[in-house]
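Structure first, then comments.
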Amino acid sequence: MEKGDYLLVPPLMPHAWGTPLEVGADVLIVKAPGNNRFDYFRLGDRIRRGQAEPAEVLATAERFDNTFVDNEVWRHELAVRDGERRQLIPFPEN
């Protein structure tokens with residue numbers, strides 16, 4: 001993606017996103033119909049700062065209507081980044 005691009009995620013579409021380690025991103029998330037997810041995004045920031053544990057995301061799954069699924073591509077990305085960034089979303093045990 002390039003600066004100014006946008007991405008539309010259809011309802012019920014499994015998705016994940018991240019940025020390359022060497023760059024950042026400014027992200028505007030528009031969710032419709034709207035519901036209050038501010039606490040969810042604040043939790044992500046607290047995890048990033050080391051003020052919360054990644055497992056707390058799983059504890060909020062029902063509250064924020066999130067379902068986490070295992071994905072081979074995402075696991076590969078996490079393996080490539082091993083040692084550079086800890087896994088932020090713990091996959092549920094199968």
Side-chain angles (χ1 to χ4, degrees):
M1 297 196 79
E2 300 293 327
K3 183 177 181 177
D5 283 355
Y6 69 92
L7 173 69
L8 172 67
V9 179
L12 305 177
M13 172 67 68
H15 62 280
W17 58 277
T19 61
L21 292 174
E22 63 277 1
V23 299
D26 291 321
V27 178
L28 172 64
I29 297 174
V30 178
K31 186 171 180 322
N35 61 358
N36 187 344
R37 288 192 181 227
F38 294 115
D39 287 341
Y40 178 74
F41 293 111
R42 288 181 184 122
L43 174 59
D45 187 54
R46 290 195 345 264
I47 291 169
R48 184 183 62 82
R49 295 171 187 260
Q51 299 169 345
E53 291 299 316
E56 291 181 51
V57 171
L58 291 177
T60 66
E62 186 175 335
R63 177 178 173 202
F64 295 114
D65 194 26
N66 289 331
T67 302
F68 298 98
V69 296
D70 200 351
N71 179 278
E72 184 178 331
V73 173
W74 193 245
R75 281 201 180 267
H76 174 74
E77 178 64 20
L78 293 171
V80 168
R81 296 178 182 208
D82 190 12
E84 298 176 44
R85 178 186 289 179
R86 64 190 174 125
Q87 183 175 338
L88 294 183
I89 303 298
F91 292 112
E93 295 298 321
N94 293 333

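Numbers for residues simply follow the sequence, beginning at 1.
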**Request:** State which residues pass ring pair (Phe, Tyr, Trp, His ring centres under 6.0 Å) with Phe41; sequence neighbours excluded, sorted by chain then number.
**Result:** none
**Message:** Is any side-chain heavy atom of His15 closer than 4.5 Å to one of Leu7?
**Reply:** no
**Asked** How many angstroms lie between CZ in Arg42 and CD1 in Ile47, if you round to the nearest 0.5 Å?
**Response**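 If I round to the nearest 0.5 Å, the distance is 14.5 Å.
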**Request:** Considering non-hydrogen atoms only, spot the tightest contact between Phe64 and Tyr40 and give its length.
**Result:**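 Taking Phe64 first and Tyr40 second, the nearest heavy atoms are CZ-N, 3.5 Å.
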**Message:** Checking Asp45 now: which residues fulfil salt bridge (charged side-chain N to carboxylate O under 4.0 Å, His left out) with it, not counting sequence neighbours?
**Reply:**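 Arg48, Arg49.
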